[in-house]
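We name chains A, B, ... by the order of the sequence lines, and we start the count at 1 in each one.
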Protein chains: 2
Amino acid sequence: MARTSSPEGALRTTDAEETRLNILDVATAEFADKGLSGARIDEIAERTNASKRMIYYYFGGKEGLYRAVLERAYTAVREMDADNLRDHLEPDAALRDVVGATFDYHNQHPEFVRLVMNENILRGAHVGEIPGIRERNRKVVEHLRGILARGVTNRQFREGIDPVELHMTISALCFYNVSNRYTFSYGFERDMSSPKALARRRMSVIDVIESWCRR
Amino acid sequence: MARTSSPEGALRTTDAEETRLNILDVATAEFADKGLSGARIDEIAERTNASKRMIYYYFGGKEGLYRAVLERAYTAVREMDADNLRDHLEPDAALRDVVGATFDYHNQHPEFVRLVMNENILRGAHVGEIPGIRERNRKVVEHLRGILARGVTNRQFREGIDPVELHMTISALCFYNVSNRYTFSYGFERDMSSPKALARRRMSVIDVIESWCRR
DNA sequence: TCTTATGAGCGAACCATTTCGTACATTGCT
DNA sequence: AGCAATGTACGAAATGGTTCGCTCATAAGA
């Protein structure tokens with residue numbers, strides 16, 4: 001990618017790079033907000049420093065832009081993993097950490113959740129082409145497998161829990177209260193966006209997972 | 001509603017009624033497939049016995065049709081509830097029944113799951129106007145509250161589990177493996193659509209809930 | 001019974017707008 | 001000059017929604 005000739009050299013990104021990122025930011029918000037078919041590239045272009053012409057210039061079109069957005073969102077998750085999949089001494093503490101971090105990440109990145117929701121509406125039409133997702137999932141599962149194994153040796157955890165099932169359970173619990181906040185909680189007064197309710201939910205999720213794994 | 005003069009009398013619905021239902025069926029499939037913004041009225045009309053004109057005649061427009069579809073889907077869930085929220089003698093058996101039935105319903109009605117996903121993408125813009133959802137949720141929570149209370153009395157269940165949290169946990173686990181089947185399971189070989197994997201997941205979900213509630 | 005008024009049900013063509021994408025001209029740097 | 005970057009304006013197709021007019025069953029009145 002071309003660089004400016006400014007004295008900062010390679011450390012400084014070009015204007016073009018900044019434009020790309022700006023477009024990606026706006027597009028992420030827009031796609032997360034309305035989905036692929038609901039988003040309008042004219043609208044994205046307007047909110048951008050750049051023009052519609054530039055979107056086509058850089059990303060080729062709506063689909064290309066969408067894929068770039070999805071890819072970057074998944075990349076961010078992987079970076080989060082890298083920070084949080086450290087090994088702890090105690091299996092139960094490690095498990096709590098994974099669950100808590102996953103819960104927090106989903107809550108702090110609803111746009112990621114919404115992109116994934118949309119991708120599922122599209123039956124995963126694009127997610128397959130994004131490199132790194134397989135590895136990401138595999139890595140998480142392997143991490144959980146390790147925790148479970150150490151927990152069993154430790155006699156903290158019971159035997160027979162499948163790490164894939166565990167991964168799925170954790171994901172489901174962390175995903176749902178973000179993805180379904182608008183349809184859930186009709187009928188009983190509980191605003192899932194209140195910090196108090198959120199904290200309680202967080203505790204519950206950790207508790208559910210722990211109760212399941214503990215012997 | 002007008003009836004035909006056919007001998008069957010009140011038992012037989014009119015052609016108009018049949019047309020409405022036919023439109024609703026097709027629209028349900030279409031909205032579940034592509035979401036509100038992704039669905040095309042012309043396409044719905046084509047797959048229908050009726051014409052586009054009739055869709056506007058009966059439902060007023062795209063939004064009206066969407067709302068009618070959503071409403072009917074939720075009505076169907078309530079009917080399912082009515083069948084399954086019977087009281088059992090043993091709290092733990094009752095709990096297993098609720099979880100199992102919920103799991104099965106979601107799996108057998110992916111179109112319902114997809115409609116709810118889409119409604120959440122739309123930030124619940126229409127779900128609030130549909131009567132009966134509040135009551136539905138309230139009824140489920142009250143049922144769970146009863147089970148939990150009896151289980152505590154019974155000394156089968158531990159104290160302090162909030163029925164709303166329980167409802168949310170069950171919903172999340174049953175919803176997720178349908179809603180996120182396309183983005184989950186990249187990286188490890190597990191086809192969630194295989195009967196075997198599904199049965200295993202079902203068992204896991206019941207197990208998770210039971211482990212959490214049991215003292 | 002015969003006639004007519006009424007309104008639900010319906011088809012086909014049509015309209016206005018939106019929306020994705022592109023052609024072309026222009027700027028500015030090297 | 002020559003190439004990358006970019007703004008403007010436009011085209012073609014898709015899309016939500018409407019207009020016009022026709023059929024037919026039934027109810028009301030003579």
| What pairs meet the salt bridge (charged side-chain N to carboxylate O under 4.0 Å, His left out) rule with one or both residues in residues 107-119 of chain B, with sequence neighbours excluded? |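 Sorted result for residues 107-119 of chain B: empty, none.
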Distances under 3.5 Å only, N/O to N/O: pair up the protein atoms with those of nucleotides 24-29 of chain C.
none

Give a yes or no on whether a salt bridge exists between [X] and [Y], defined as a side-chain N under 4.0 angstrom from a carboxylate O.
X: A:Asp81; Y: A:Lys139; result: no
X: B:Glu71; Y: B:Arg67; result: no
X: B:Lys34; Y: B:Glu43; result: yes
X: B:Arg145; Y: B:Glu142; result: yes

Between atom [atom1] in [X] and atom [atom2] in [N], what is the gap in whole Å?
X: A:Met54; N: C:dG21; atom1: CE; atom2: C1'; result: 14 Å
X: A:Tyr56; N: C:dC20; atom1: OH; atom2: C1'; result: 4 Å
X: B:Phe59; N: D:dG17; atom1: CZ; atom2: P; result: 14 Å

| field | Nearest to side-chain heavy atoms of B:Lys52, which nucleotide of D:dA5, D:dT18, C:dG21 | value |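 Among D:dA5, D:dT18, C:dG21, the one nearest the side chain of B:Lys52 is D:dT18.
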| said: Checking contacts here: which listed nucleotide (C:dG9, C:dG21, D:dT6) is nearest the side-chain heavy atoms of B:Tyr58? | reply: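 Output: C:dG9.
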Please tabulate, one pair per line, all N/O donor-acceptor pairs under 3.5 Å involving side-chain atoms of residues 94-103 of chain B, not counting sequence neighbours.
from     : atom 1 : to       : atom 2 : distance (Å)
B:Arg96  : NH1    : B:Glu210 : OE2    : 2.6
B:Asp97  : OD2    : B:His88  : NE2    : 3.1
B:Thr102 : OG1    : B:Val98  : O      : 2.7

| message | Counting only side-chain nitrogens and oxygens, does B:Ser51 get under 4.0 Å of the OP1 or OP2 atom of C:dG11? | response |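 Answer is yes, contact under 4.0 Å.
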| request: Kindly say if A:Tyr57 contacts the phosphate of D:dA5, meaning a side-chain N or O under 4.0 Å from OP1 or OP2. | output: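 Answer yes for this pair, as a side-chain N or O of A:Tyr57 is under 4.0 Å from OP1 or OP2.
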| request: May I have all residue pairs that pass side chain to side chain donor-acceptor pair (under 3.5 Å) and include part of residues 50-59 of chain B, sequence neighbours excluded? | output: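 Residue pairs passing side chain to side chain donor-acceptor pair (under 3.5 Å), neighbours aside: B:Asp42-B:Lys52.
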| Taking the six-membered ring of A:Tyr176 as reference, does the NZ or CZ atom of A:Arg181 fall below 6.0 Å from its centre and within a 45° cone about the axis? |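 Judged by the rule, A:Arg181 and A:Tyr176 form no cation-pi pair.
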| task | Using a cut-off of strictly less than 4.0 Å between a heavy atom of the residue and any atom of DNA chain D, enumerate the qualifying residues of residues 22-42 of chain B by number. | result |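 Those residues whose heavy atoms fall under 4.0 Å from DNA chain D, taken from residues 22-42 of chain B in numerical order, are B:Ala39, B:Arg40, B:Ile41, B:Asp42.
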| Axis bend over the full length of the helix from C:dT1-D:dA30 to C:dT30-D:dA1, computed from five pairs that close each end, to 10 degrees |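 Axis angle across the helix from C:dT1-D:dA30 to C:dT30-D:dA1, nearest 10°: 20°.
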